[in-house]
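Remember, it's a predicted structure, so these values are computed and weren't measured experimentally.
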Amino acid sequence: MRVYRPKLYAALWLLGMLGLAWLSLQNLKRDWLETGFLALLPQAEQRPEMANAIERHNQAVNRKVVWLVGAANAGQAVALAETVKTGLAASGLFADLTLQISQQQYRQSYQQLFAYRYQLLDSRTRQSLQQDPQRLVQENLETLYSPLGQWQAANLERDPLLLFGRYFAAQNPLQLNIEHDAVVVHDGPRAWALLIGELPDRDLKLDKLEQLLSLNQTLQQQARQQGGELLATGLPLFTAYGAHSAQQEISTIGIGSTLGVVLLLWLTFRSPRPLLLCCLAVASGLLAAWSLSLQIFPKLHIMTLVFGSSLIGVVVDYALHFFCDGLGLPHWTPRRGLSYVLPGIGFGLLTSLLGYAGLGFSPFPGLREMAVFSALGLVVSWLTVVMLFPVLLARFQPQHQFGMLSLAGYWQRSWPERLNRHRLSLSAAFALLLIGGLSQLQAQDDVRLLQSAPTAITAADAEIRRLLPIGRDNQFFLVTGANPSEWYQNEQRLLADLAPLCEQGKLRQYDASADTGPTRPSKPPITACCKPGFTGRIFCKAICGIWDSSNWPSITKSAASRPRPAKP
């Protein structure tokens, strides 16, 4: 205040706003909005290989949508699934839609792997050879005399113990049926056809997310009208609903806060100038928070914008303190008001920044974005009040309403007296409320609480997991090695430690890249990313969305170029 030069400070503020406007124009030219829920989760930066595995998993899962089309029989289910597929294809949202399963691809996979039958052995067969080989021979004899014996006998010369047949059968643990060239799941009197969709990009624009959500609802209504049922799940659907609810929250919080501020300012000052200046402080803070945050982060999550919209109520306080200092003062000046409120609003800004600094040290990227966004918005709004308001309020003489002043004076006089008179009863009531609240307090650090899904989508997700069945794929061990041999040995040692846990009931199921034993889970987790791309398990590949043919090892690719003739 000893160097009080309001015009100089206002000019500096204007230059800063012009710079922010230029940054904003640059940001509008690029893809800056993040809507995926997985972007809120922490990254394993201390282990590059772990971060790479998680990133590969997230990139695949983020694009997959699974539908189950139900009808009275398999034929009707597949026909209805064709109609759904046609509607999805017409939307242009999906890069790939899989309904029919190619038998040629299944046969080709069998021929490719048959050339390496002496190196492929599933864990269940290995255990039988070690513990009871005679039992294995007896099972083979039973198979040969069964109706499938003729098909198995064709490979006796090249596979005497039928070991490869056992191995290849273990690659399809779900035992899904193919009817009418589609995967069909039977559940009581109803049949379900499986349809897999893959989006071209994991980062969809807001308009595409709204289109996906609307399209899914339309197809569900059409399926019900035709006597069928459509279930859908996938991270893009949850993301679409999250983006839709976030937009609603932004509108609700922003519009509600703005209307409340406008009403209070008009009732108090009956002048448009304080109202316009408050809006200016809010707008400058939000503009600066958005443009500067994008210089720190490559993208801003939509939840950050939802959280940032709540800054309106905090930012307006700085301006209100400035305006309210002149209540009842006939010769009020901006310099006098600023000298009085500057220590208070400065200390308030400092405490707010310290609070957001706690979020800034969180391991969750989403919370760090919220902290930086909010801190930048508060700082620029505070600078707007301090640097610009003295110039714009130079000749302002507010016509305050005596009714509001009388009400505020009455409250200021009566509240301390009432509080002192009933301090014992009020203290007891507050203590009871505090004890009751603390007894109900539960700590929850699950970031998924930031995004709640509707009951319909979560119910459909649970039903699909029951019917297929597939499980969660976000819990895994990442096994490494200097070479394939060392990696294989490390994984086998891990499996040896996990097997007793399953027997003791401490671990329900697991899956391994080089093992297809009896503890095979209902779906392959992330470790399947490193596994050879057995197209014999194309069903699991389609459901999980975590297999990529580009990651198949060279042994499979070389087999494709020179397959040995084999009759599947």
Side-chain angles (χ1 to χ4, degrees), residues 60-61 63-85 87-88 94 96-101 106 169-198 212 215-217 219-238 240-241 453-475 508-511 516 518-525 528 536-547:
V61 173
R63 299 193 301 266
K64 294 291 184 180
V65 183
V66 177
W67 289 273
L68 277 183
V69 186
N73 54 62
Q76 294 179 4
V78 174
L80 186 56
E82 285 283 0
T83 304
V84 173
K85 181 181 178 181
L88 294 173
F94 296 91
D96 182 51
L97 291 167
T98 302
L99 177 61
Q100 282 79 16
I101 302 300
Y106 188 87
Q171 306 311 305
N172 183 18
L174 295 182
Q175 299 298 323
L176 298 175
N177 299 321
I178 298 181
E179 302 181 33
H180 304 279
D181 294 331
V183 177
V184 177
V185 181
H186 291 274
D187 182 47
R190 208 163 187 80
W192 300 85
L194 177 64
L195 175 62
I196 308 295
E198 183 175 358
L212 174 61
L215 177 63
N216 184 65
Q217 294 174 352
L219 292 176
Q220 287 179 338
Q221 293 177 358
Q222 293 178 357
R224 286 193 293 267
Q225 292 174 358
Q226 299 180 23
E229 186 177 357
L230 179 63
L231 301 178
T233 187
L235 195 57
L237 279 178
F238 287 90
Y241 178 81
T455 306
I457 295 182
T458 54
D461 177 77
E463 183 66 10
I464 289 177
R465 294 182 183 278
R466 183 189 70 84
L467 291 171
L468 285 175
I470 55 177
R472 302 292 178 182
D473 56 351
N474 55 0
Q475 297 176 345
R508 186 176 62 179
Q509 56 192 17
Y510 63 85
D511 175 55
T516 55
T519 53
R520 192 78 180 176
S522 56
K523 67 165 287 187
R537 298 179 59 193
I538 188 173
F539 316 125
C540 298
K541 171 187 175 182
I543 296 171
C544 305
I546 60 177
W547 285 24

Is any side-chain heavy atom of [X] less than 4.5 Å from a side-chain heavy atom of [Y]?
X: L88; Y: L219; result: yes
X: N216; Y: W67; result: yes
X: F238; Y: T233; result: yes
X: L212; Y: F94; result: yes

Closest approach of [X] and [Y], non-hydrogen atoms and distance?
X: A191; Y: V184; value: CB-CG1, 4.1 Å
X: A77; Y: A193; value: O-CB, 3.7 Å
X: A182; Y: V78; value: CB-CG2, 4.0 Å

- Side-chain ion pair, E82 and K85, N-O less than 4.0 Å: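 Answer for the salt bridge query: no.
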
Report the distance from atom [atom1] of [X] to atom [atom2] of [Y], rounding to the nearest 0.5 Å.
X: L215; Y: Q217; atom1: CG; atom2: CD; result: 9.5 Å
X: L80; Y: Q226; atom1: CG; atom2: CD; result: 5.0 Å
X: L230; Y: L195; atom1: CG; atom2: CG; result: 8.5 Å
X: L231; Y: R465; atom1: CG; atom2: CZ; result: 13.0 Å

- Query: With distance as the sole test, does D187 use its side chain to make a donor-acceptor pair with the main-chain N or O of R190 at under 3.5 Å?
  - Reply: no

- Would you check, one step at a time, whether the test side chain to side chain contact (heavy atoms under 4.5 Å, CB included) holds for L97 with I196? CA-CA 6 Å; L97 291 167; I196 308 295; over 6 Å; no

